[in-house]
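First the structure, in the form of structure tokens, and then the observations on it.
All values reported here derive from a predicted model rather than from experimental measurement. Numbered from 1 within each chain, the chains take letters A, B, ... in sequence-line order.
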Number of protein chains: 2
Amino acid sequence: MPRKLSALDPQRLDNQICFAVYSAAHAFNRVYKPLLDRLGLTYPQYLVMLVLWERDDVPVKDIGEKLFLDSGTLTPLLKRLEAAHLVKRTRSREDERQVLIALTPQGHALKEKARAVPHSILAASDCSVSELVAMKDEIVALRDRLNAVIGE
Amino acid sequence: MPRKLSALDPQRLDNQICFAVYSAAHAFNRVYKPLLDRLGLTYPQYLVMLVLWERDDVPVKDIGEKLFLDSGTLTPLLKRLEAAHLVKRTRSREDERQVLIALTPQGHALKEKARAVPHSILAASDCSVSELVAMKDEIVALRDRLNAVIGE
DNA sequence: GTACATTCAATTGCGAACAATTAAATGTGA
DNA sequence: TCACATTTAATTGTTCGCAATTGAATGTAC
């Protein structure tokens with residue numbers, strides 16, 4: 001294959017949208033790191049807290065469905081959040097298979113400390129809100145099409 | 001805050017582009033998994049192979065710069081590729097700090113077996129090539145702006 | 001009401017990802 | 001030359017992410 005056609009070679013790293021997404025996710029992670037260190041959270045832990053700040057006292061499964069994560073990831077993560085006194089884990093009385101995750105007062109309070117985080121990310125993105133919203137919607141649509149394929 | 005303004009709440013999970021990127025990366029990973037299982041590769045290993053298929057016999061550092069990964073990730077990964085007889089690791093004679101990564105014949109041969117992978121991903125994306133290229137360019141530009149902030 | 005299947009969380013094991021440190025090789029300045 | 005800084009890969013330790021399995025609770029069919 002001639003070199004001038006490399007821009008069309010689907011087997012080239014730089015032509016793959018998945019690598020763009022993969023490397024952008026890591027770049028976001030690196031920007032978040034210093035911000036979340038101050039809150040004592042990792043990025044996946046921050047995602048769980050975002051879910052709980054919207055709605056509290058939910059089973060592990062609900063958190064997993066929103067974040068596309070399973071119990072193998074969430075169980076140890078939630079135990080670390082419990083060890084940090086941010087959440088409480090209790091078996092549901094109605095259905096003893098479920099473990100309900102509730103925020104502690106410290107967990108609720110952390111929401112205020114985290115309020116500045118999205119603005120810092122927006123600044124680092126160096127991009128207008130409307131552009132970011134448009135990109136976000138495109139990426140979510142792509143993600144949902146990919147997830148639809150997985151479920152056959 | 002009234003519920004009708006939730007679409008503007010920057011602290012809501014669904015309003016965050018980083019979660020869109022994060023969850024899209026995982027969705028890609030799940031689509032790749034069955035395809036790469038047949039090649040005996042994980043997705044990060046596949047990325048390293050893409051780099052090597054473009055240019056062979058390069059130091060670990062070069063691979064790290066292209067993939068935004070450090071030696072803590074690459075050293076064990078490359079050892080697994082070596083154990084699978086896909087690459088060879090040799091100290092450079094000119095600069096003994098460097099370890100050069102070269103493809104074995106099996107490593108070269110795997111490129112042909114991997115040729116169908118990008119097409120399968122394109123099909124799963126359920127999207128035109130031109131749309132994907134446009135999205136890819138936007139995401140890469142965003143990633144590069146984020147990485148620029150990290151380097152201050 | 002007793003088999004059977006399903007659901008849910010936890011567990012185990014493996015492969016990333018990264019911070020922090022170490023050690024060796026190389027480069028630089030006095 | 002010698003002291004010092006820089007570069008490069010490897011190592012250690014922690015946290016994700018997921019496949020596969022386990023075990024307990026619940027639901028369903030007969």
Can you check whether A:Tyr46 and A:Tyr32 have ring centres sitting under 6.0 Å from each other?
yes

Backbone N/O of B:Arg97 and side chain of B:Arg91: donor-acceptor pair under 3.5 Å:
yes

Separation of C:dT11 P from A:Leu74 CG (nearest whole Å):
14 Å

Just the rounded figure in Å: distance from C1' of C:dA9 to CG of A:Leu78.
11 Å

Measure from the side-chain N and O atoms of B:Ser71 to the backbone N and O of B:Leu74, and report whether any donor-acceptor pair falls under 3.5 Å.
no

B:Arg93 CZ to C:dA25 C1': how many Å, rounded?
15 Å

Under 4.0 Å between a side-chain nitrogen and a carboxylate oxygen: does that hold for A:Lys136 and B:Asp14?
no

Would you mind telling me which residue lines up with the more 5' stretch of DNA chain D, A:Glu94 or B:Lys61, judged by nearest nucleotide?
B:Lys61

Report the distance from atom CZ of B:Arg91 to atom C1' of D:dT7, rounded to the nearest whole Å.
12 Å

With the sugar-phosphate defined as primed atoms, P, OP1 and OP2, and the base as all remaining atoms, what B/S/- string results for nucleotides 13-19 of chain D, 5' to 3', for protein heavy atoms under 4.0 Å?
--SSBB-

If only side-chain N and O atoms of B:Ser71 are considered, is one of them under 4.0 Å from the OP1 or OP2 phosphate oxygen of D:dA9?
no

Donor-acceptor contacts, no H, no angles, side chain residues 126-133 of chain B, under 3.5 Å, sequence neighbours left out:
from, atom 1, to, atom 2, distance (Å)
B:Ser128, OG, B:Ser130, OG, 3.2
B:Ser128, OG, B:Glu131, N, 3.1
B:Ser128, OG, B:Glu131, OE1, 3.1
B:Glu131, OE1, B:Ser128, N, 3.3

Spacing between A:Glu96 atom CD and D:dA25 atom P, to the nearest angstrom:
6 Å

Check: B:Phe28 ring centre within less than 6.0 Å of B:Tyr43 ring centre:
no

For B:Gln98 and D:dA9, give me the distance from atom CD to atom P, rounded to whole Å.
6 Å

Quick one: A:Tyr32 OH to C:dA17 C1', roughly how many Å, whole number?
18 Å

Whole-Å distance, B:Arg97 CZ to D:dA10 P, equals 14 Å

